[in-house]
*Asks:* 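What follows is a single structure, and I will ask about it in a moment.
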Amino acid sequence: MVDLSDVRKRPEEYRDAAKKKGIAVDIAKFLKLDEERRALLAVVEEMRAKRNSVSKQVPTMKGTEKEKAIKEMKELAETLKEKEHVLEKTEAAWQHLQLLIPSIPLPKVPVGKDDTENVEIRRWAPHQSPASAGSGAEQGDPVTFDFEPKDHIALGEALDIIDVLRGVKIAGSRSYFLKGDGARLELAVLLFTLDHLTKKGYTPFLPPLMVNYDAMMGTSYFPGGEEQTYAIGVQKAKDGPLESDGFFLIGTSEVSVTSYHSGEVLKHEDLPRRYCGMSNCFRREAGTYGKDTKGLYRIHQFQKVEQVVLCEASPEASANMHSELLTNAEEVLQALELPYRVVDVCTGDMGRGQVYKNDIETWMPSRKGYGETHSCSTFHDFQARRLNIKYETKTGEKKFVHTLNNTCIASPRILIPILEIYQNKDGSVTIPKALQPYMGGQKKIVKR
RNA sequence: GGUGGGAUGGCUGAGUGGUCGAAAGCGCACGACUCGAAAUCGUGUAACCCCUUACGGGGUUCGAGGGUUCGAAUCCCUCUCCCACCGCCA
């Protein structure tokens with residue numbers, strides 16, 4: 001949610017932001033409703049004031065005077081009820097619209113319509129002599145092979161560590177099993193990342209996977225993201241209606257962990273709060289039919305270590321935390337020796353609330369390109385307003401905190417580059433050095 | 001799943017239809033006393049919204065929603081959450 005007084009002050013900027021982000025919201029309609037609401041509020045409050053003052057006097061009155069006052073108040077109550085009803089309706093529409101108003105992107109954000117217009121800002125690849133020949137060398141790929149490489153599915157099936165067919169059998173498309181060393185590899189990469197962040201002062205969380213509407217709304221997934229979200233309910237008969245329990249499966253632990261302090265007032269000296277949530281994540285992936293159907297790239301359920309930060313309300317503090325979050329994620333990729341690039345996400349590929357966003361894309365040989373593996377977002381006070389998270393400044397002023405988040409690792413998507421880049425000619429996969437301690441010292445995944 | 005007890009300001013807790021946004025205590029802030037401190041005494045101490053340059057005024061909020069009433073923390077209905085015990089259970 002944005003600062004409404006700011007919207008009143010410079011509506012054109014919000015109209016512009018909505019246009020650049022590709023978000024449909026009628027700012028003029030909002031302003032009109034806003035005025036209507038305030039006019040109605042004035043009328044209703046005046047009537048309430050009258051009622052309150054007369055009601056206070058009633059007990060001191062007697063006889064006909066009292067009867068007259070009560071009669072008058074009865075009539076007033078009726079008109080008041082009507083007015084309140086109109087106000088309520090206006091307020092509901094007003095509230096709905098204000099949730100749709102996007103934040104204004106920082107000036108440095110490139111303007112563009114979708115992810116094809118994101119702008120690369122840097123690349124990293126491990127130091128190793130580039131192969132002079134072999135698959136990929138002529139295109140200048142960061143990873144080359146002197147044999148014909150397999151994709152992660154072929155590797156996973158041959159090694160019996162990924163089973164997509166049986167996943168689909170019991171849970172439908174975009175489902176899978178990790179088994180054996182595949183299961184262990186995923187846990188290894190998650191735990192390695194969690195340890196990395198813990199060492200850097202981040203508090204790990206295992207948060208609720210099911211949350212209420214307020215958490216979804218507060219982190220600004222709702223309204224708008226309902227179609228991407230699984231709702232929890234009870235189905236009493238096969239093909240019968242689903243009775244909602246009012247809970248939703250999180251698509252990221254950002255939802256639970258950012259909401260952790262909702263409704264609270266923190267102390268200035270307790271900021272920044274550095275948190276990381278490890279959780280399963282659930283996504284319906286509605287509207288992606290036919291997109292990334294093969295393999296573990298786009299799936300309904302995965303696991304992620306997510307970084308979440310609450311910091312003081314200054315653009316500088318936010319910017320510092322943003323680069324810290326990026327650095328943490330890059331350190332993990334560097335430890336895993338996976339080539340990646342960082343892009344500035346353009347306006348059209350940003351969410352409603354974000355003011356700045358970077359994606360990290362990791363090299364995936366089978367895609368012959370970089371695939372998104374991380375997403376680092378700065379919100380300023382957009383989420384904090386919705387979640388009502390404040391802090392008290394040194395001067396005793398209460399302000400909304402700034403929130404940020406970034407993936408630190410998401411699996412099994414990260415298994416794509418790991419398996420594909422670390423594969424050997426004989427079909428085995430070398431385990432990245434950093435993960436070997438988390439696999440009991442094991443150095444290779446081989447067919448068992 | 002069953003039974004009983006709860007939910008009031010930063011905290012404890014009183015309040016069962018009208019001058020109650022709410023006693024008292026604790027905490028906190030300021031002042032007095034003191035060389036200074038403790039103790040003591042005094043004063044003050046909720047959030048949000050609307051109008052106002054400001055001073056100030058008004059509204060809403062006693063878990064949430066609805067109802068009764070001229071008027072609800074207080075009465076009625078529904079729901080949520082917490083605590084205790086019983087049953088079942090990873």
Side-chain angles (χ1 to χ4, degrees), chain A residues 1-9 30-99 101 206-218 231-234 236 243-248 256 259-270 279-280 313 381 383-401:
Chain A
M1 182 160 67
V2 293
D3 179 355
L4 295 182
S5 64
D6 195 44
V7 178
R8 289 174 199 130
K9 232 178 280 166
F30 169 77
L31 290 174
K32 192 168 158 269
L33 274 172
D34 189 48
E35 296 226 339
E36 274 176 36
R37 184 190 87 100
R38 275 192 288 176
L40 277 165
L41 197 61
V43 172
V44 166
E45 287 190 352
E46 198 186 320
M47 292 176 81
R48 283 176 181 162
K50 177 102 192 275
R51 179 197 61 193
N52 290 347
S53 71
V54 174
S55 288
K56 231 173 221 181
Q57 287 160 14
V58 165
T60 66
M61 295 175 180
K62 281 188 191 128
T64 52
E65 189 197 14
K66 187 169 184 172
E67 277 168 35
K68 199 178 153 219
I70 289 178
K71 189 165 169 263
E72 251 175 55
M73 284 305 100
K74 259 187 185 162
E75 284 161 18
L76 182 88
E78 254 174 59
T79 358
L80 177 59
K81 220 172 207 175
E82 284 166 31
K83 295 278 180 196
E84 277 176 331
H85 187 65
V86 180
L87 176 64
E88 220 170 275
K89 278 176 95 172
T90 310
E91 210 145 48
W94 172 80
Q95 203 134 29
H96 180 73
L97 261 184
Q98 65 167 276
L99 289 179
I101 300 174
L206 291 176
L209 306 180
M210 301 188 300
V211 299
N212 59 21
Y213 188 92
D214 287 350
M216 294 302 294
M217 188 278 287
I232 305 285
V234 183
K236 288 181 176 156
E243 287 173 36
S244 171
D245 283 338
F247 292 108
F248 304 90
S256 318
S259 302
Y260 183 72
H261 287 296
S262 62
E264 297 181 18
V265 181
L266 304 172
K267 297 219 163 60
H268 182 269
E269 58 267 30
D270 292 334
S279 80
N280 293 284
D381 61 8
Q383 290 182 319
R385 282 176 184 277
R386 293 179 169 223
L387 289 167
N388 190 22
I389 308 174
K390 293 182 177 171
Y391 71 102
E392 201 171 332
T393 63
K394 284 170 199 149
T395 56
E397 199 187 347
K398 290 195 177 102
K399 284 181 146 182
F400 290 108
V401 299

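Naming: A, B, ... by sequence-line order, numbering from 1 per chain.
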*Asks:* Of the listed nucleotides (B:C50, B:C70, B:A47), which one gets closest to any side-chain atom of A:Glu45?
*Replies:*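 Closest nucleotide among those given: B:C50.
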*Asks:* Is A:Arg51 near enough to B:C70 that one of its side-chain N or O atoms lies under 4.0 angstrom from OP1 or OP2?
*Replies:*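 The answer is no; no side-chain N or O of A:Arg51 sits under 4.0 Å from OP1 or OP2.
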*Asks:* Looking only at atom C1', what distance separates B:U68 and B:C76, rounded to whole Å?
*Replies:*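 Pairwise C1' distance, B:U68 against B:C76, rounds to 7 Å.
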*Asks:* Any side-chain to backbone donor/acceptor pair from A:Tyr391 onto A:Ala313? Under 3.5 Å, distance only.
*Replies:*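 The answer is yes, because a donor-acceptor pair under 3.5 Å joins these two groups.
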*Asks:* Side chain of A:Met73: nearest nucleotide among B:C49, B:C48, B:C70?
*Replies:*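 For the A:Met73 side chain, the nearest candidate turns out to be B:C70.
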*Asks:* Considering only side-chain heavy atoms of A:Lys81, which listed nucleotide, B:U68, B:C51, B:U60, is closest?
*Replies:*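 Among B:U68, B:C51, B:U60, the one nearest the side chain of A:Lys81 is B:U68.
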*Asks:* Go through B:U68, B:C50, B:G58 for me and flag the one nearest to the A:Arg8 side chain.
*Replies:*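 Of B:U68, B:C50, B:G58, B:C50 is nearest to the side chain of A:Arg8.
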*Asks:* Tell me if the CD atom of A:Glu46 is crowded by more than 12 foreign heavy atoms within 6.0 Å.
*Replies:*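 No - once you tally the heavy atoms of other residues, nucleotides and ligands closer than 6.0 Å, there are 12 at most.
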*Asks:* Want to settle it: does A:Lys66 or A:Glu46 sit nearer the 5' end of RNA chain B, counting the closest nucleotide to each?
*Replies:*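 With A:Lys66 and A:Glu46 compared, the 5'-side residue is A:Lys66.
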*Asks:* By nearest atom, which of the nucleotides B:G18, B:G59, B:C48 is closest to the A:Asn52 side chain?
*Replies:*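 Within the option list, the nearest is B:G59.
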*Asks:* State the pairing partner of B:G1; accept Watson-Crick or G-U wobble contacts with both distances under 3.5 Å, and report none otherwise.
*Replies:*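 Paired with B:C86.
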*Asks:* Taking the side chain of A:Arg48 as heavy atoms from C-beta outward, which of B:U60, B:C70, B:C50 is closest to it?
*Replies:*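 Out of B:U60, B:C70, B:C50, the nucleotide with an atom closest to A:Arg48's side chain is B:U60.
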*Asks:* Under a 4.5 Å cut-off applied to non-hydrogen side-chain atoms, are A:Asp34 and A:Gln98 in contact?
*Replies:*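 Side chain of A:Asp34 against side chain of A:Gln98, heavy atoms only: no contact under 4.5 Å found.
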*Asks:* Both distances under 3.5 Å, Watson-Crick or G-U wobble: report the partner of B:C79, or none.
*Replies:*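 Across all strands, the one nucleotide that pairs with B:C79 is B:G63.
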*Asks:* Sticking with atom P, work out how far B:G59 lies from B:U19, rounded to a whole angstrom.
*Replies:*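 Result for the P pair: 14 Å, nearest Å.
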*Asks:* Watson-Crick or G-U wobble partner for B:U34, using a 3.5 Å limit on both distances?
*Replies:*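 With both distances under 3.5 Å required, B:U34 matches none.
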*Asks:* Is it true that, when you exclude A:His268 itself, more than 12 heavy atoms of the residues, nucleotides or ligands shown sit nearer than 6.0 Å to its NE2?
*Replies:*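 Counting other residues, nucleotides and ligands, NE2 of A:His268 exceeds 12 neighbours.
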*Asks:* B:A73 and B:A46: how far apart are their C1' atoms, nearest whole angstrom?
*Replies:*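 Per the computed distance, 16 Å lies between those C1' atoms.
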